[in-house]
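Read through the structure below, which is laid out as structure tokens, and then see the notes.
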Number of protein chains: 2
Amino acid sequence: MDLDERKFKILQAIIDDYITTAMPVGSRTISRKEGMGLSSATIRNEMSDLEELGYLASPHTSAGRVPSWRAYRLYVDQIMRVSSLPPSEYSLLRSIFSSRMGQMEDVLSSATQALSAMTDYTSVMIAPQMRSIARIQLVPLTSSTALMVTVTDEGVHKDSVIAVPAGVTPDHLYALSNLLTERLAGKDASEYPAAIQELSREMSGQRELFARLMDSLQKQMEPDAHSVHVAGAARMLAHPEYSDLKKARSLLSTLETQDKLAKLLLRRTGVEFSVAIGPELSEEGMQDCSLVTVSYRVGSGVGTMGVIGPTRMHYGRVISVLEAMKNVMNEALLPPGSRKESVKRKEEKHEGK
Amino acid sequence: MDLDERKFKILQAIIDDYITTAMPVGSRTISRKEGMGLSSATIRNEMSDLEELGYLASPHTSAGRVPSWRAYRLYVDQIMRVSSLPPSEYSLLRSIFSSRMGQMEDVLSSATQALSAMTDYTSVMIAPQMRSIARIQLVPLTSSTALMVTVTDEGVHKDSVIAVPAGVTPDHLYALSNLLTERLAGKDASEYPAAIQELSREMSGQRELFARLMDSLQKQMEPDAHSVHVAGAARMLAHPEYSDLKKARSLLSTLETQDKLAKLLLRRTGVEFSVAIGPELSEEGMQDCSLVTVSYRVGSGVGTMGVIGPTRMHYGRVISVLEAMKNVMNEALLPPGSRKESVKRKEEKHEGK
DNA sequence: AGTTAGCACTCGATAGGCTTGAGTGCTAAC
DNA sequence: GTTAGCACTCAAGCCTATCGAGTGCTAACT
């Protein structure tokens, strides 16, 4: 079961080679490598062992070997070295954000595109899920409707139109906004029932309006799949694993179903770091893909971003780009002053199952 | 230049056949058709004429003929019969919307997906561009920041965080909201400069805040590419024109660049109906595509939706689906009471250049 | 004059056969 | 334990032959 150092070294060489060439790797290729000092025959023997142990597979008799997902797992967990992003790229990344402090959605959208451009894989990002809201505002629209807007420190969280009974004036709505905010803002979801109970008593004169408000509020607090950003899905077509149209189609339609992606990301939200390889994703149409995710923080909210590429992806590079992006986003999205010191990357690379 | 009736009939037969099979059409195939009553030799002569006139092309000597974009243009303008959507599908469509009267973005997203599913092509939709806003609301966040939210009758239009000078209280912001709304809401963009001029005088005591407000307002009024919905891009891979990976990739990355799509749609916003075929789109990577668009109305806003498919698309079907979708969305998005009678489809099919 | 049958010709697509070369696994010698 | 040597495998590339759908032209027919 355990691999001796030589097997390790050979496996690493095979994976490194395969990652860049996408072609089955033969024993001679490895034996010729600098610092290997072993003949192809010896490598063959070792490869044969590695195959038996489940780290390699051969597409057919006279082709080379291809790493299995177990090999990638090992690679990610123990072999790979992650270097941090070179300063030149780091500052390039920073420059993307410096220009615009606009709406959150725009920032996320640019970030997602940058992520994809820098890795040449598909990237995916979910907006920070706010744990608590800063304010609830009722905005008068017509005499019979109003807009209920929940707001966080970063901007509008959600909004919905509600009907209001006749006789409720804008000033009324303003006062009500203040009341709702006072009772509900800043609280954790667990504290809501009690607060709502109390509010219900105080507003017993306006049962109908109150019911509508709470109904909308509840809907707004549900996590929604809506805010998933995807970029660079077309890039996957450039990688040889998707020269088969059927595979390509199946992958791309998975990448289009936002709730599947949302689920994949939400499951990893709060996990600082995660790498899921092929079968571990248990998502049909992504069997040949890996997903690397990082969680990022914006104020009280936690979001997750990830890169989806073939299992044969440049894990090291992807991880360092994600790491950098997380830091840069933190800086860009936090108003100056409330900034925390940047956190050193921890050496946890295991998939948090 | 003019085509006699027989050439018309033959051309129609060729296009019909090619639309369903995607294979070059030969003379025998046409001569065997019901009600044609001509030998293949005669058809060949006619085809030869049609080729000279630019309506047909042959990929190589011994293949059949393929319609050119001119043929499709003729087809769409003069030959095609559009039947309205069968009631069963119509009500299916309606049922999608009946369940949810939620946020605008959700509705648009479902509509786009439905459009793609019903046509088996890619669909694209742009949110209604509001011409005037119903209210401007300033929502206090922290002691030094506030959220400026512009709102239409249908919900939040846009929002952005602004810094507020010390000493500005929530009540202050509320009063200011009312003032801004009174002076700016409901107005056309052309009336803004005058109103802003006047406001500027009145608020001369708060130059800094005023400048920030107007700055944000201006940004929010710019039309943005952000709200483009795309669905079913992966479906294009199923059509034989995109069995070539290079073409597929180029198309898909075009479909991913939202501002290109936004431009295509915005240019057609307000045009009731438009069909653009291949080269008419003048968009690299979409030379083999057609775009059919329809504009829809929601309150004071006008949005546009479209279907992108191969030039060899089922124009009739696509048009009837779009027509139906427009009507259904109208019903679904207008609050009951303010509903207009549904408009009969006009026979304008020309591309509005 | 328009239509059609007949025929030679073109050319992509498909299938079989051959060659090449990268790769393996095994064995025997070092 | 390592390596050289060798027989064997199999995909990929290439050539060739065949097939058939399709055209264009000409001559005969209505």
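All chains are named by letter (A, B, ...) in the order of the sequence lines, taking the proteins before the strands, and each is independently numbered beginning at 1.
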Indicate whether OP1 or OP2 belonging to [N] is found under 4.0 Å from a side-chain N or O atom of [X].
X	N	value
B/Arg65	D/dT23	yes
B/Ser39	C/dT3	no
A/Arg44	C/dA22	no
B/Thr42	C/dT4	yes
B/Thr61	D/dG24	no

Taking atom [atom2] of [N] as reference, at what distance in whole Å does atom [atom1] of [X] sit?
X	N	atom1	atom2	result
B/Ile30	D/dG22	CD1	C1'	13 Å
A/Met47	C/dG23	CE	C1'	10 Å
B/Arg6	C/dG2	CZ	P	9 Å
B/Asp17	D/dG22	CG	C1'	14 Å
B/Ile43	C/dG2	CD1	P	16 Å
B/Arg28	C/dA5	CZ	P	11 Å
A/His60	C/dG25	NE2	C1'	16 Å
B/Tyr18	D/dA21	OH	P	19 Å

### Task
Could you walk me through whether A/Glu280 and A/Arg73 pass the salt bridge (charged side-chain N to carboxylate O under 4.0 Å, His left out) test, one step at a time?
CA-CA 10 Å; A/Glu280 298 171 356; A/Arg73 179 83 274 160; 2.6 Å; yes
### Task
Indicate, with a heavy-atom threshold strictly under 4.0 Å, whether A/Ser40 touches base, sugar-phosphate, or nothing.
nothing
### Message
Using Watson-Crick or G-U wobble geometry with both distances under 3.5 Å, which nucleotide pairs with C/dA28?
### Response
D/dT3
### Residue whose closest nucleotide on DNA chain D lies nearer the 5' end, B/Gly64 versus B/Asn45
B/Gly64
### Message
Walk me through whether A/Glu284 and A/Ser250 qualify under side chain to side chain donor-acceptor pair (under 3.5 Å).
### Response
CA-CA 8 Å; A/Glu284 172 142 33; A/Ser250 137; over 6 Å; no
### Task
Could you check which of C/dT10, C/dA5, D/dT23 has an atom nearest any side-chain atom of B/Ala41?
C/dA5
### Query
Which of these nucleotides, C/dG25, D/dC10, D/dT23, is closest to any side-chain atom of A/Ser48?
C/dG25
### Query
In terms of side-chain heavy atoms, does B/Ser84 have a donor or acceptor partner in B/Glu323 at a distance below 3.5 Å?
no
### Distance-only side-chain donor-acceptor flag, B/Arg268 / B/Ser274, under 3.5 Å
yes
### Task
State whether B/Lys247 and B/Glu241 are salt-bridged, where the test is any N-O pair (Lys NZ or Arg NE/NH1/NH2 against Asp/Glu carboxylate O) under 4.0 Å.
no
